[in-house]
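Let me begin by presenting the structure, written as structure tokens, before commenting on it.
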Protein chains: 2
Amino acid sequence: MKISAQEEYGLRCMIAIASSKKDNGLSIPEISKMERLSEPHVAKILSILRKTGYIKSIRGQGGGYILARSPEAILISDLLSSLGGRVFTPEFCDRFNGHTEECVHKGVCPINILWEKIQIAIDRALHGITLSDIIKGLNNAGDKNSNQKHLFMQNIANAQVKR
Amino acid sequence: MKISAQEEYGLRCMIAIASSKKDNGLSIPEISKMERLSEPHVAKILSILRKTGYIKSIRGQGGGYILARSPEAILISDLLSSLGGRVFTPEFCDRFNGHTEECVHKGVCPINILWEKIQIAIDRALHGITLSDIIKGLNNAGDKNSNQKHLFMQNIANAQVKR
DNA sequence: ATTAAAGTTTACTTTTTTGTACATTATAAT
DNA sequence: ATTATAATGTACAAAAAAGTAAACTTTAAT
């Protein structure tokens with residue numbers, strides 16, 4: 001199980017846009033420079049994020065991209081699902097069925113149950129974490145240069161228990 | 001995040017081999033029929049499993065594949081890592097770094113920390129589960145036809161708390 | 001009105017993953 | 001020894017994911 005490029009870069013772009021202070025948002029050239037990705041590549045990623053409703057575009061000169069909703073209303077788990085799918089879905093059994101219409105393991109399927117177990121664990125780990133939490137965590141952790149990772153983790157954990 | 005074909009089919013083949021009662025193991029043609037996969041495809045999957053040390057082959061007529069170790073000694077988490085990699089590894093930052101040598105987010109990287117959080121959750125969910133647990137769970141759940149899934153889950157959970 | 005800077009769309013290329021084909025090697029049974 | 005059945009290795013083909021290129025549309029500034 002790996003993270004796909006789309007999940008990784010999609011999330012980075014969301015964080016960049018959410019962190020921006022500008023009113024008319026971040027442009028493709030700006031994000032391209034910040035993240036060191038080619039402009040067409042950024043354009044492609046942002047088009048996915050726009051079509052899935054996470055960002056809005058402002059066209060014309062001086063335009064760019066802004067969040068479609070407040071960062072508090074954007075769950076990381078939703079965002080990741082949109083960018084890279086889920087480990088387990090009810091339709092899972094239609095995916096890997098070799099050379100037959102219906103999966104051979106219909107009925108009690110130990111593997112299916114394993115994937116569901118993993119999915120539940122992931123959902124629990126991400127439960128309640130919003131884009132806002134990531135941004136805040138980043139800001140707080142940036143203050144001092146010691147224990148940054150631990151601080152960030154704490155911030156996230158604190159945000160989660162409140163929900 | 002999705003399960004790769006290699007993880008899915010690799011695990012299925014391991015379960016098939018581990019469940020077999022035969023002394024000289026299961027052959028490629030047999031697994032091919034059981035799982036409805038082409039013989040070359042099964043051959044490829046088994047070659048990976050053999051090279052990573054999970055199964056041993058018995059060549060020549062009447063040959064096949066058997067587990068390289070007892071199913072109690074095969075952790076599902078290890079098996080899955082071998083087949084499909086891990087969500088988070090210490091070398092993660094070398095993977096997605098756009099057009100530069102070193103990732104732009106060196107230092108406090110919120111995404112990195114998220115992936116690690118997910119990895120920890122997955123490891124915890126699979127902790128202690130062995131191939132043997134899956135086989136036993138399957139056998140027990142097969143007894144009655146009601147509540148099969150719940151029974152299977154229970155079996156796995158019981159196996160885990162003992163460790 | 002024209003221009004420049006931005007997003008949008010479509011098509012393409014490259015790379016990785018997935019799956020196939022077939023010739024080769026090994027061994028048990030005859 | 002020969003044959004049948006099985007694994008092994010190498011090369012190839014197809015599909016999916018990742019990334020690039022370029023023509024087109026929109027809008028603010030001049």
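Chain identifiers are assigned alphabetically (A, B, ...) following the order of the sequence lines, protein sequences preceding nucleic acid strands; residue numbering begins at 1 within each chain.
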Task: Heavy-atom donor-acceptor pair, S57(B) side chain to Y65(B) backbone, under 3.5 Å - done: no
- [ ] Measure from NZ on K2(B) to P on dT18(C) and round the result to the nearest Å.
- [x] 11 Å
Task: Gap between atoms CZ and P, on R59(B) and dT24(C) respectively (whole Å) - done: 14 Å
TODO: Evaluate whether atom CZ of R95(A) has more than 12 neighbouring non-hydrogen atoms of other residues, nucleotides or ligands under 6.0 angstrom away.
DONE: yes
Open item on the list: Nearest to the K51(B) side chain among dG9(D), dA18(D), dT25(D), which nucleotide is it?
Closed with: dG9(D)
Task: Any donor-acceptor pair under 3.5 Å from E7(B) side chain to L83(B) backbone - done: no
Task: Closest-nucleotide 5' rank along DNA chain C - winner of I58(A) and Q61(B) - done: I58(A)
Open item on the list: Given 3.5 Å as the limit, does a donor-acceptor pair link the side chain of Q119(A) with the main chain of V87(A), or not?
Closed with: yes
Open item on the list: With no hydrogens and no angle check, just 3.5 Å: does a side-chain donor-acceptor pair link N97(B) and E101(B)?
Closed with: no
- [ ] Please report, rounded to the nearest Å, how far the P atom of dA18(D) is from the CG atom of L83(A).
- [x] 11 Å
TODO: Rounded to the nearest angstrom, tell me the gap between atom CD in Q6(A) and atom P in dA16(D).
DONE: 15 Å
TODO: Whole angstrom is fine here: how far is it from NE2 in H99(B) over to P in dG19(D)?
DONE: 8 Å
Task: Near-strand residues of residues 63-70 of chain B, defined as heavy-atom separation under 4.0 angstrom from DNA chain D - done: G63(B), G64(B), Y65(B)
Task: Atom pair distance, as rounded to whole Å: CD in E7(B) and P in dT17(C) - done: 12 Å
Open item on the list: With a sphere of 6.0 Å drawn around CZ of R36(B), does it hold more than 12 non-hydrogen atoms of other residues, nucleotides or ligands?
Closed with: no
Open item on the list: Using a strict heavy-atom distance below 4.0 Å, which residues from residues 22-50 of chain A are in contact with DNA chain D?
Closed with: S38(A), P40(A), H41(A), K44(A)
Open item on the list: Could you check whether any side-chain N or O of Y9(A) sits under 3.5 Å from a backbone N or O of E35(A), counting only pairs where one atom can act as donor and the other as acceptor?
Closed with: no
Open item on the list: With a sphere of 6.0 Å drawn around CZ of R124(A), does it hold more than 12 non-hydrogen atoms of other residues, nucleotides or ligands?
Closed with: no
TODO: Name the nucleic acid region contacted by Y9(B), choosing base, sugar-phosphate or nothing; use a 4.0 angstrom heavy-atom cut-off, strictly under.
DONE: sugar-phosphate
TODO: Let me know, please, whether G62(A) or A5(B) comes out on the 5' side of the other along DNA chain C by nearest nucleotide.
DONE: G62(A)
TODO: Would you confirm whether S82(A), through its side chain, and D78(A), through its main-chain N or O, come within 3.5 Å as a donor-acceptor pair?
DONE: yes
